[in-house]
A.B. asks: 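The structure follows.
Here is the naming used below: chain letters follow the sequence lines, and residue numbers restart at 1 for every chain.
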Amino acid sequence: MANPQRYTVTAALIYANGPIHIGHLAGCYLPSDIYVRFLRMKGEDVLFVSGTDEHGVPITLRARKEGLTPQQVVDKYYTVIDQSFRDFGIEFDIYSRTSRPAHHEFSSQFFRHLYDKGVFTEQETEQYYDPEAKQFLADRYIVGTCPHCANTNAYGDQCEKCGTSLSPDELINPHSTLSGAKPEKRNTKNWFLPLDQLQPQLQTYIDAHPEWKSNVAGQCQSWLKDGLRPRAMTRDLDWGVSVPVEGAEGKVLYVWFDAPIGYITASKEWFTQPETRNTLTYGGKPKSDNWEVYWKDENTKLVHFIGKDNIVFHCLIFPAMLQVHGGYILPDNVPANEFLNLAGDKLSTSRNWAIWLHEYLQEMPGKQDELRYVLTSISPENKDGDFTWDDFQARVNNELVAVFSNFVHRTMVLTQKNYGSKVPVADQYTKEDLVVLEEAAKFPDRIGAALSAYRFREAQQELMNLARLGNKYLSDTQPWKLIKTDDVRTRTILNVSLQLCANLSVLCMPFLPFTSKKLRTMLNLGELNWEQAKSTTLLAAGHTLTEPVMLFAKIDDALIKQQVDKLAVIRQQLDAEKAAAELAAAPKPMNDPSKIEAAKGETSFDEFSKMDIRIGTILEAERVPKSDKLLKLLVDTGLDKRTVLSGIAKHYTPEQVIGQQVTILVNLAPRKMMGHESQGMILMAENTAGELSFVVPTKTNVDNGSTVK
RNA sequence: GGCGAGGUAGCUCAGUUGGUUAGAGCGUAGGAUUCAUAACCCUAAGGUCACGAGUUCAACUCUCGUCCUCGCUACCA
């Protein structure tokens, strides 16, 4: 959007089932905060909202685990997360939460509006049900033994030990976490958003935004190309927003339906009870007095900051909801970041592989801007990034301390020593001075252009370049020498240097808000706006400066070693757990007579005779790449040698089956799997524990091609 | 398997519509300097632009194929 009248900026609603770590900060909250601070300093009308997403299954699971109610869980983490944001200077206008009554009311209304318009389709599906607890079970509520690694605590959607994604059907000995009962399938009705029907208008919307980041646009096009499918917007669960429809008792809104509406609710909330979170920022509160202009006026630019895992919800599903509701503007941009790794491995809340913000602050008190700086400089804008403590130390010491802090300090100290901390007069600019001042005046636009284009890393680099310009200027002009021979000239040089410090104090505000404040205090400067940073005379001659302090301190090796060691301990634990899991995969589950499959209905001899079953021998076998269940076999059937794919890779290695005699159905219609054609089917016996075994003749003279009748 | 995003200097990353010697910061080496926490300033070394073909007078850039990383999504008769 070319010239928006105002901005609505959202930062992803964070899920309230744990504290917040550096990945969250780097991926979403830091870039959005920088963006918003910049806009506010430009004098733009901005509303910046975020909050916690407090519904959904994982919250209820966490509550059970900790012996709390879901509400107690989200209360706990809301407070922790909120404090972390305040501590790191993430300045939302409002930081709300989806468990508030106002949100329940509004998201409920939103749903009802769509319902009344006849948007939803009703569908009955089979879902797992706990007959003892008398409620439907989300996949996560079903645990059992993982068929892959024998972990007895695998969830119905995923085994956390080996990482395989599962469906409840695959679990061995599945049972409900609520009662321990065996889940059964029951029919239930839910309301679906017909994304398939909405696809054309979504396609138009996405196509209208070629300027989106390639990872975002690509992901959207990928979904569209696949063809969107109707998606259930309600769930059988008791934690969430009740579905406001008759016959929907015991159902709540799908968490991804109500969460994005949370942005709107939060916005509304600001206008009914404005909250003053702005303890540091200058410039800034939303200017309009009605929440609706931030969501319904087409001159409002709506921007969602999120991580890449949320792309589909913010670029397709939420826009679809807004479109069908009518009256709302759509996101103008969704600058989703990739992920940040920690020392080469994916951050993980559940595995404790993370740097938690509250812990960081305890161990590195007062070093918020250091972390902000480092995370922005490795911001995963285009590809996954990596955080290491060595890199953290290097960037702080060699850039923040050596370049930024040092330039300010040497300028301040020279002024203090020689001119009693009063800004000296600039008598007459030389060509050299003018070149520097002219160059410096370009920075606000240069940095601003990068920020407007969501290139935060580049913007911050430019900020450092201004400090570099200052350092070079000092080295070139050498005022510490000149003071002995040319006082007038020296005064001018220090005046110019101090002006650069003043400009820095303004331009560093979005990135380093705490430092900006310190620097302004040192310079005895009030709150200035972005355009003023183009000035070369922010500090008047004679203006009194305060005592110089170092803006940043070097981080010594001992402090870094502590952190590195701490991670090493966690990594050791994780490795040990992984090894134990692999070991646990060895023991075989026992057969369970109570789980023998029920008898099938009667068939006829004719029906059976259609099956051409033969004895064959496996000649070659290999794993099918990227499939964990399939082996690709070459089988001699006596009639021919053919390729057969068989889902036995979890039970046999390729080496084990070469030369193995098998029973094979040879007249089965060929079928393509994972890109290979399978011409037949190997018959296997399966016990109640899900173990497979070949079915073979007991005599040795039954050769390939022998029939089975 | 399908789809999407990546793979550029030891590290973190730029590289616009194909056009001379592929850039920045950090790290490394050398020099200069001493106001500043040995910081700053100057200079240099360092890259078969993942790999292989092709189009072109010319390819990091376009096309096709292969390999690797990450993500989404499936199959598992």
A.B. asks: Taking G47(B) as the reference, what is the distance to A39(B) when you measure between their P atoms (whole Å, please)?
C.D. replies: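 It comes out at 27 Å once rounded to the nearest Å.
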
A.B. asks: Considering only the P atoms, how many Å lie between G71(B) and C60(B), rounded to the nearest integer?
C.D. replies: 31 Å

A.B. asks: Starting at atom CD of Glu458(A), determine the distance to atom P of G15(B), rounded to an integer number of angstrom.
C.D. replies: 8 Å

A.B. asks: May I ask you to evaluate whether Lys417(A) reaches the phosphate of A36(B), defined as a side-chain N or O under 4.0 Å from OP1 or OP2?
C.D. replies: yes

A.B. asks: When you measure from the side chain of Ser475(A), which nucleotide among C41(B), C13(B), U34(B) comes out closest?
C.D. replies: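 Of C41(B), C13(B), U34(B), C41(B) is nearest to the side chain of Ser475(A).
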
A.B. asks: Provide the distance between the two C1' atoms, one in U55(B) and one in G18(B), to the nearest whole Å.
C.D. replies: 12 Å

A.B. asks: Tell me what Phe552(A) touches on the nucleic acid: a base, only sugar-phosphate, or nothing, going by heavy atoms under 4.0 Å.
C.D. replies: base

A.B. asks: So if I take every side-chain heavy atom of Ala394(A) and compare against C72(B), C26(B), U8(B), which nucleotide ends up nearest?
C.D. replies: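 Among C72(B), C26(B), U8(B), the one nearest the side chain of Ala394(A) is C26(B).
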
A.B. asks: Quick one: label Thr388(A) by what it contacts on the DNA or RNA (base, sugar-phosphate, nothing), any heavy atom closer than 4.0 Å.
C.D. replies: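 Counting heavy atoms under 4.0 Å across all strands, no contact is made by Thr388(A).
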
A.B. asks: Give the ring-plane orientation class for Tyr205(A) versus Trp212(A), where under 30° counts as parallel, over 60° as perpendicular and anything between as tilted.
C.D. replies: perpendicular

A.B. asks: With rounding to the closest Å, how many angstrom separate the P atoms on U48(B) and G52(B)?
C.D. replies: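 To the nearest whole Å, 12 Å.
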
A.B. asks: Can you measure Leu228(A) atom CG to A74(B) atom P for me and round it to whole angstrom units?
C.D. replies: 13 Å

A.B. asks: In dot-bracket notation, what is the pairing pattern of RNA chain B, taking Watson-Crick (N1-N3 plus N6-O4 or O6-N4) and G-U wobble (N1-O2 and O6-N3) contacts under 3.5 Å, with [ ] crossing and | for other strands?
C.D. replies: (((((((..((((.....[...)))).((((.........)))).....(((((..]....))))))))))))....

A.B. asks: If I pick the C1' atom on C40(B) and the same atom on A32(B), what distance separates them, to the nearest angstrom?
C.D. replies: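 Nearest-Å result for A32(B) against C40(B) at atom C1': 11 Å.
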
A.B. asks: Nearest to the Glu399(A) side chain among G25(B), G4(B), G7(B), which nucleotide is it?
C.D. replies: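 The listed nucleotide nearest to Glu399(A)'s side chain is G25(B).
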
A.B. asks: For the residue pair Asp557(A) / Gln393(A), report whether a side-chain donor-acceptor contact shorter than 3.5 Å exists.
C.D. replies: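 There is such a pair between these side chains.
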
A.B. asks: Would you please classify the geometry between the Phe456(A) ring and the Tyr35(A) ring as parallel, tilted or perpendicular, with 30° and 60° separating the classes?
C.D. replies: perpendicular

A.B. asks: Rounded to whole Å, how long is the line connecting atom CZ of Phe313(A) with atom C1' of C72(B)?
C.D. replies: 11 Å

A.B. asks: Taking atom P of A5(B) as reference, at what distance in whole Å does atom CD of Gln221(A) sit?
C.D. replies: 10 Å

A.B. asks: So, Asp207(A) versus Thr204(A): side-chain donor-acceptor pair below 3.5 Å or not?
C.D. replies: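 There is no such pair (donor and acceptor under 3.5 Å, judged by atom type) between the side chains of Asp207(A) and Thr204(A).
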
A.B. asks: Using the side-chain heavy atoms of Lys481(A), tell me which of these nucleotides is nearest: U34(B), C35(B), C40(B).
C.D. replies: U34(B)

A.B. asks: Rounded off to whole Å, could you give me the CD-to-P distance for the Gln393(A) and U12(B) pair?
C.D. replies: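 Computing the Gln393(A):CD to U12(B):P distance gives 17 Å.
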
A.B. asks: Using a cut-off of strictly less than 4.0 Å, decide whether Lys472(A) has a side-chain nitrogen or oxygen near OP1 or OP2 of C42(B).
C.D. replies: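 Yes.
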
A.B. asks: Can you find a side chain N or O atom of Asn398(A) that sits less than 4.0 Å from OP1 or OP2 on G27(B)?
C.D. replies: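 Yes, such a contact exists.
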
A.B. asks: Pick the nucleotide of RNA chain B nearest each of Asp309(A) and Asn406(A); which residue has the one closer to the 5' end?
C.D. replies: Asn406(A)

A.B. asks: Could you state the atom-to-atom distance from CD of Gln461(A) to P of G23(B) in whole Å?
C.D. replies: 17 Å

A.B. asks: Could you tell me how far A29(B) sits from A36(B) if I compare only their P atoms? Round to whole Å.
C.D. replies: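 Approximately 26 Å lies between the P atom of A36(B) and that of A29(B).
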
A.B. asks: Out of G71(B), G6(B), A36(B), which nucleotide sits closest to the side chain of Lys383(A)?
C.D. replies: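 Among the listed nucleotides, the one closest to the side chain of Lys383(A) is G6(B).
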
A.B. asks: Using the side-chain heavy atoms of Arg457(A), tell me which of these nucleotides is nearest: C72(B), A5(B), C13(B).
C.D. replies: C13(B)

A.B. asks: Looking at Phe318(A), Phe257(A), Trp256(A), which one forms a ring-ring contact (aromatic ring centres under 6.0 Å, His included) with Phe313(A)?
C.D. replies: Trp256(A)

A.B. asks: Could you work out which one of G71(B), U12(B), U33(B) sits closest to the side chain of Phe339(A)?
C.D. replies: G71(B)

A.B. asks: I'd like to check Phe694(A) versus Ile618(A) (side-chain heavy atoms, cut-off strictly below 4.5 Å). Are they in contact?
C.D. replies: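 Touching, per the 4.5 Å side-chain cut-off.
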
A.B. asks: Please check the phosphate of U69(B) (OP1 and OP2 only) for any side-chain N or O of Asn341(A) closer than 4.0 Å.
C.D. replies: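 For U69(B), neither OP1 nor OP2 has a side-chain N or O of Asn341(A) closer than 4.0 Å.
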
A.B. asks: Heavy atoms from C-beta onward define the side chain here; which of C72(B), C41(B), U12(B) lies closest to that of Arg395(A)?
C.D. replies: U12(B)

A.B. asks: For the pair made of CG in Asp226(A) and C1' in C75(B), what is the distance, rounded to whole Å?
C.D. replies: 14 Å

A.B. asks: Side chain of Met550(A) only, heavy atoms from C-beta on: which candidate in A77(B), U37(B), A74(B) is closest?
C.D. replies: U37(B)

A.B. asks: Taking atom types as modelled, find out whether Asn337(A) and Tyr454(A) have a side-chain donor-acceptor pair closer than 3.5 angstrom.
C.D. replies: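 There is no such pair between these side chains.
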
A.B. asks: How do Lys346(A) and Leu474(A) order along RNA chain B: which one's closest nucleotide is nearer the 5' end?
C.D. replies: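 With Lys346(A) and Leu474(A) compared, the 5'-side residue is Leu474(A).
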
A.B. asks: Kindly say if Ser405(A) contacts the phosphate of A39(B), meaning a side-chain N or O under 4.0 Å from OP1 or OP2.
C.D. replies: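 Indeed not, no polar side-chain atom of Ser405(A) lies that close.
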
A.B. asks: How far does the C1' atom of G7(B) sit from the matching atom of C42(B), given to the nearest Å?
C.D. replies: 35 Å

A.B. asks: Consider only side-chain N and O atoms of Asn215(A) and Glu338(A), and report whether a donor and an acceptor are under 3.5 Å apart.
C.D. replies: yes

A.B. asks: Among C41(B), G4(B), U37(B), which nucleotide sits nearest the side chain of Lys554(A)?
C.D. replies: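 Nucleotide nearest to Lys554(A)'s side chain: U37(B).
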
A.B. asks: Side chains of Asp369(A) and Thr515(A): any donor to acceptor distance under 3.5 Å?
C.D. replies: yes

A.B. asks: Let me know the distance between CG of Leu633(A) and P of A77(B), rounded to the nearest Å.
C.D. replies: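 Nearest whole value for this atom pair: 13 Å.
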
A.B. asks: Test of understanding: with ring-ring contact (aromatic ring centres under 6.0 Å, His included), list the residues that count as partners of His24(A), not counting sequence neighbours.
C.D. replies: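 Only His21(A) meet the ring-ring contact (aromatic ring centres under 6.0 Å, His included) criterion with His24(A).
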
A.B. asks: Measuring only the P atom in each nucleotide, how far is C13(B) from G54(B)? A whole number of Å is fine.
C.D. replies: 34 Å

